[in-house]
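Both backbone and side-chain heavy atoms feed into the values below; hydrogens, waters and symmetry mates do not.
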There are 2 protein chains.
Amino acid sequence: MDVANVPRRRGRPPKAAAGFSETRASLVRAGLVRLTEKGFTATGLDEILKVAGVPKGSFYHYFDSKGAFGTELIDRYGAYFAGKLERFFNDHSRSPLARIEAFIADAEAAMERFAYSRGCLVGNLGQEMGALPEPFRQQLCDVFADWQHRTAGCLRAAQAAGEIGSLHNADNLAAFFWIGWEGAVLRAKLERSGSPLQTFAEGFFTMIRT
Amino acid sequence: MDVANVPRRRGRPPKAAAGFSETRASLVRAGLVRLTEKGFTATGLDEILKVAGVPKGSFYHYFDSKGAFGTELIDRYGAYFAGKLERFFNDHSRSPLARIEAFIADAEAAMERFAYSRGCLVGNLGQEMGALPEPFRQQLCDVFADWQHRTAGCLRAAQAAGEIGSLHNADNLAAFFWIGWEGAVLRAKLERSGSPLQTFAEGFFTMIRT
DNA sequence: CATTTATTAGACGATCGGTCTATTAAATCA
DNA sequence: TGATTTAATAGACCGATCGTCTAATAAATG
């Protein structure tokens, strides 16, 4: 049963094979921007449509609902950062601890680039949970669990390299980091300043080196 | 010029002398509950009105707008916690560090009591800043600054008592605490669990004792 | 009782998320 | 080519809900 042997269907085929569409992609892009800025509830479909230059009718061609759209945004955002963490944490040109520092520096630069107007999509939606459809909860928790797991791996490498005290539990440390880091991102957005990020990062590194 | 000598105005007098009103108070109570749960944007006036058992028309008699209502809620919430911190941090039956631990334990118990459905009003609105009227920003920053200042005082007392290392800067530590603690509250709400609070608190105390 | 003001009641327009039908575009097979 | 089939766009439309406002009512006054 070769895929190539399946007879082509009549009629117009999808624009691209694997569910890809430029229109769809621009909806996702615009959605990510707005949701990192304003969250899910406060963001109307219309403003996303306007930014993306896409008529409303198209939206419901590509997505079943606003909720399904949100689900996809969380997935993409989670995967994007998972990839970013993976890249930083596998950079063997640096020591394990320096990889974490580099990730933080990258995130700080990103927040500054957007004038501290955009936060973390997962943190934003987490804060909104009281007003969000329940299925979002597990999805958001899973993203944090994934990020934490990757971070714990890098911390274990740092431990093996003798960069941080071996009394620490890497999983606890990773949890501590993501709990606090999300707080720092929130605060940086509120104060429009990078100093909360620096304050937290500095404290974190002081802590783990002991 | 005695206040009592001011001639009474004609017409129906206010229900109570000093701007107090049971109706108004119940609006504030209901508002605080909903805003700690769902934030400002996602909370409709109608649901607050319904809980408080107050007709919509009355709301705009007591408050100029939803925004003015929010401003007052932030003030009240900020002052409520300022008082709470003051009580804990002036409790001379405990050591300075134990006072902070007691405050944290109290907050953990409060979150558990509400089944982790309510977060911090200031943190919630901070996250929403992208969608909130600009004047809220300074107000929220000021509340954090106040809480941090009180916390720094207690940390200095702990330093004087030799409970924490003197290399630490108390102001930095207080900033670090509130940055991370808000992250922990957010996460606890998301995961419906107290463990993020415990994870952060434990890490924080480990850190400051060195 | 006429007057004044507190308080309530609900109408109001705007906008929300979501659905719908109609139309246009692009590929197919005969 | 031309009829056919489906992808994709276009935007009118719906009920619900948003925050605001005006008109009416209630309660006190001199």
Side-chain angles (χ1 to χ4, degrees), chain A residues 4 6-28 30-31 34-35 38-73 125 128 131-133 135-136, chain B residues 6-28 30-31 34-35 38-73 128 131-133 135-136:
Chain A
V6 171
R8 309 278 291 271
R9 301 161 65 201
R10 285 179 56 106
R12 177 178 172 176
K15 206 176 234 174
F20 177 81
S21 149
E22 189 48 50
T23 302
R24 185 188 167 94
S26 71
L27 285 170
V28 170
R34 296 312 247 206
L35 290 226
K38 307 176 47 178
F40 185 80
T41 311
T43 301
L45 240 31
D46 286 340
E47 56 184 304
I48 294 176
L49 264 21
K50 193 175 170 186
V51 169
V54 170
K56 204 170 203 176
S58 297
F59 181 89
Y60 282 90
H61 174 66
Y62 291 107
F63 302 98
D64 286 343
S65 66
K66 192 193 181 191
F69 181 60
T71 297
E72 175 152 341
L73 292 188
L125 300 216
E128 291 183 77
L132 257 36
F136 279 31
Chain B
V6 172
R8 308 277 291 266
R9 300 159 66 199
R10 286 178 54 104
R12 176 177 174 181
K15 205 175 237 174
F20 178 81
S21 150
E22 191 47 52
T23 304
R24 185 189 167 94
S26 69
L27 284 170
V28 169
R34 296 312 247 203
L35 290 225
K38 306 177 48 179
F40 185 80
T41 312
T43 301
L45 243 29
D46 285 339
E47 57 186 303
I48 294 177
L49 266 19
K50 193 175 173 187
V51 169
V54 170
K56 204 170 204 175
S58 298
F59 180 88
Y60 282 91
H61 173 66
Y62 291 107
F63 303 96
D64 286 342
S65 66
K66 193 193 182 192
F69 181 60
T71 297
E72 176 152 341
L73 292 187
E128 292 184 76
L132 257 37
F136 279 32

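- In this structure the side chain of Phe40(B) reaches within 4.5 angstrom of the side chain of Phe136(B), judged on heavy atoms.
- Atom-to-atom, CG of Leu49(A) to C1' of dA8(D) comes out at 14 Å; the value is rounded to the nearest Å.
- Nearest heavy atom pair, residue Lys66(A) against residue Thr41(A), reads NZ-O, 4.1 Å.
- The closest side-chain heavy-atom distance from Phe63(A) to Leu27(A) is below 4.5 Å.
- Using a 4.5 Å heavy-atom cutoff, the side chains of Asp64(B) and Phe69(B) are not in contact.
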**Q.** Per-nucleotide protein contact string for nucleotides 9-21 of chain C (B base, S sugar-phosphate only, - none; heavy atom under 4.0 Å)
**A.** BB-----SBBB--

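- Following rounding to the nearest Å, Ile48(B) (CD1) and dT17(D) (P) show an atom-to-atom distance of 15 Å.
- The minimum heavy-atom distance between Ala131(A) and Lys38(B), with the atom names listed, is CB-CE, 3.9 Å.
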Let me have the donor-acceptor pairs involving side chains of residues 49-60 of chain A, under 3.5 Å, with sequence neighbours excluded, atom names and distances please.
none

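- Atom-to-atom, CZ of Phe69(B) to P of dT20(D) comes out at 12 Å; the value is rounded to the nearest Å.
- For His61(A) and dT9(D), the shortest distance from a side-chain N or O to OP1 or OP2 is not below 4.0 Å.
- Remark: Tyr62(A) is not in phosphate contact with dA7(D), judged by side-chain N or O atoms under 4.0 Å from OP1 or OP2.
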